[in-house]
There are 2 protein chains.
Amino acid sequence: MMSNGNGHTTMKDVARLAGVSPATVSLALGNDPRVNIKTRELVREAADKLRYIPNEIGRSLRSQKTETIALIIPNTSHHVFSHPYFAKLLEGITEVLNENEYNLLLSTTAEESDEQSAYEKVLRNRRADGVIVSSASLYDRNFLRLVDSGFPVVYLGPWSNNDIYTVERDDVTGAFSATNHLLKLGRRKIVHFTGPLNHQVWRDRLEGYRLAHQQNQISINEELVIEKDLSVQAGYEGVAELLDRQIPFDALFAGNDLMAIGAMKQLLERGIKVPEQISVVGFDDIDMASMFHPTLTTVHQPMKQTGILAAQKLLGVLNGREDIEKKTVLQTKLMIRESCGG
Amino acid sequence: MMSNGNGHTTMKDVARLAGVSPATVSLALGNDPRVNIKTRELVREAADKLRYIPNEIGRSLRSQKTETIALIIPNTSHHVFSHPYFAKLLEGITEVLNENEYNLLLSTTAEESDEQSAYEKVLRNRRADGVIVSSASLYDRNFLRLVDSGFPVVYLGPWSNNDIYTVERDDVTGAFSATNHLLKLGRRKIVHFTGPLNHQVWRDRLEGYRLAHQQNQISINEELVIEKDLSVQAGYEGVAELLDRQIPFDALFAGNDLMAIGAMKQLLERGIKVPEQISVVGFDDIDMASMFHPTLTTVHQPMKQTGILAAQKLLGVLNGREDIEKKTVLQTKLMIRESCGG
DNA sequence: ATCACCTTTTAAATCGATTTAATTAATTAA
DNA sequence: TTAATTAATTAAATCGATTTAAAAGGTGAT
């Protein structure tokens with residue numbers, strides 16, 4: 001089958017079979033108008049016959065394009081793949097990339113500490129034409145360096161100035177609506193499980209929580225705001241601790257659905273009724289949210305859509321389109337189900 | 001910062017600064033003993049100063065290695081990322097790849113029909129050194145062609161002969177243990193939601209289901225074996241149809257946990273008690289399985305471990321190791337929880 | 001001083017494509 | 001018929017590295 005000693009058909013092989021030069025093959029396959037139509041057909045036939053597929057590495061080197069974009073998630077594989085958010089995000093991204101014949105290079109960090117490697121590995125050695133970066137820590141200097149170097153980037157999350165392309169949610173409003181809903185239901189002691197506060201997303205959701213209290217003129221017991229690691233386990237244990245310490249609360253606004261689910265599990269096991277005794281609201285609206293009993297009230301965020309928009313935006317930038325808005329803000333929606341009562 | 005007009009530091013730049021030839025730079029950075037120690041230090045300093053990182057594309061072209069492996073999943077993005085199995089698989093794979101400084105190229109198919117594109121895109125154009133293929137349809141000829149071409153492949157699933165590297169589960173035994181457990185509990189009319197039967201995995205699980213009946217000398221009502229699409233929705237609707245058609249059954253063995261969860265939801269909504277009236281058993285043991293009420297009895301399969309082993313196996317093959325076993329069979333384990341009673 | 005033999009360094013080929021500039025062939029104009 | 005113009009093809013440079021083979025420099029023996 002193969003034409004050269006190396007095991008694969010190259011442009012040279014096609015050229016030889018078609019009786020033309022490699023340059024002509026390249027131009028013919030690229031539909032360059034300079035090459036005669038008859039010659040083009042000849043080349044096409046030869047290429048088909050040899051089942052020629054261009055070597056992307058060679059092409060990339062010359063054209064300085066890789067037809068690949070990288071998704072950098074400055075976090076461990078375990079964290080990334082435990083959270084349904086990322087699966088949905090990937091679904092959206094890959095869908096767009098498949099349509100446009102782009103490849104996806106996926107990069108997570110081995111160690112939580114050195115976020116650097118994820119960046120360096122993909123970027124400085126030019127394996128991708130552009131990058132989507134999933135919200136990094138506020139103190140991540142690598143990201144800034146990356147942007148400064150002029151590398152095409154789409155950032156998932158809010159960014160302080162208007163210099164970079166972002167796809168973000170209105171987390172403040174989302175968290176506000178959840179908390180406000182609980183307050184309107186008459187809940188007064190609302191626990192909030194937040195995520196690591198060195199990420200903007202968790203600051204914003206906490207902000208929304210505070211804003212709702214403020215607007216309803218309810219003061220917050222700071223003891224009820226607890227930083228957790230976003231896992232089901234964290235929610236499960238978090239509630240256990242509250243109950244063990246006999247800290248009174250009548251509602252829980254979890255920073256994400258996983259923690260909400262863990263929390264509900266603990267409450268169920270302790271015989272505490274949701275929503276009768278404790279109202280629970282989550283954030284994300286993962287597929288499973290409506291499968292639990294009670295079904296989980298939560299703030300819906302368009303996870304897949306985020307991926308789609310981010311990928312489209314990046315491809316737009318790579319294709320030199322000028323009409324791309326820097327900032328895309330997606331709205332959230334409170335999905336009222338059973339876990340909050342009312 | 002950058003040294004040439006192109007925006008990036010190349011080997012030439014380092015050579016110029018160090019006052020040596022590019023060849024020497026290459027050898028020096030590769031720790032070749034031919035180059036004088038003092039020269040090597042000189043080159044190192046120059047490289048550091050310019051923050052030189054080799055261009056992988058150039059390196060790949062010459063060395064015919066990409067330091068990248070591809071994961072091919074002949075299915076749509078939607079299917080892939082809706083199933084927790086793939087997330088866990090990815091977790092295992094990326095963990096190993098990160099440790100070994102390999103990159104991951106992820107390939108799904110745009111259209112369910114043309115499985116071909118997923119293969120062609122990654123393989124014939126040599127963007128990866130090797131591939132992990134997630135169980136393909138039994139009729140997928142692309143996979144065979146791929147193997148024939150000598151491309152390093154690890155296949156996830158059983159394969160008829162011993163020619164190719166596989167990581168597989170003992171699905172028959174797993175399904176047997178689940179079904180057998182239900183039979184031992186006295187259940188006699190066990191519904192089985194299976195997946196597409198053109199994939200070996202679903203044939204095997206069905207086989208296990210049959211075997212258990214056979215061994216317990218119970219005959220199967222073929223009406224209870226129903227082919228579904230593996231989604232939560234499918235389980236939900238599948239049960240609805242059975243109930244609406246008033247087909248009697250006292251247990252359900254779902255081919256995967258998602259369908260089991262959907263089924264339990266439907267039963268709950270109809271006021272049918274699990275496990276008192278109907279016993280439910282799933283397959284996979286996804287994280288959520290123990291979060292439901294009742295907690296889901298299911299057949300545990302080591303999803304992450306599958307990814308780890310597959311990646312290690314492929315890297316082993318790529319490194320020319322000879323001691324790698326062709327076939328790795330992982331065992332499953334029945335996790336008895338609440339949903340089956342007893 | 002010449003030759004042989006190391007040790008270092010470097011020129012040049014190579015990987016597989018693309019693209020510019022030059023060449024050749026064909027056509028038209030003078 | 002010859003020059004000018006256009007069309008089609010190709011040689012050669014290029015992308016950024018690696019690697020082989022050749023060259024240069026140094027040492028010691030004869």
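Protein chains get the first letters and strands the later ones, always in sequence-line order, with residue 1 at the start of each.
- The side chain of B/Arg62 lies closest to D/dG16, out of D/dG16, D/dT14, D/dT9.
- In the set C/dT9, D/dA17, C/dG16, D/dA17 carries the atom at the smallest distance from any side-chain atom of B/Tyr52.
- Across D/dT9, D/dA17, C/dT18, the shortest atom-to-atom separation from the side chain of B/Pro54 is found for D/dA17.
- Over its length, the helix from C/dA1-D/dT30 to C/dA30-D/dT1 turns its helix axis by 80°, as judged from the five terminal pairs at each end, rounded to 10°.
- When distances are taken from the side chain of A/Asn36 to each of D/dA8, C/dA11, C/dT9, the shortest belongs to D/dA8.
- Closest to the B/Lys12 side chain, of the nucleotides C/dC15, D/dC15, D/dT19, is D/dC15.
- Of the candidate nucleotides C/dG16, C/dT9, C/dA11, C/dG16 has the atom nearest to the side chain of A/Asn55.
- A donor-acceptor pair shorter than 3.5 Å can be found between the side chains of A/Asn98 and B/Thr108.
- Here the closest heavy-atom approach between residue A/Ala28 and residue A/Arg40 is recorded as O-CD, 3.6 Å.
- Rounded to a whole Å, the CE atom of A/Met11 is 15 Å from the P atom of D/dA11.
- Straight-line distance from the CD atom of A/Gln64 to the P atom of C/dA17: 16 Å, rounded to whole Å.
- We find that NZ of A/Lys65 is positioned 15 Å from P of D/dG16, with the value rounded to whole Å.
- The separation between B/Glu41 atom CD and C/dT9 atom P is 13 Å, rounded to whole Å.
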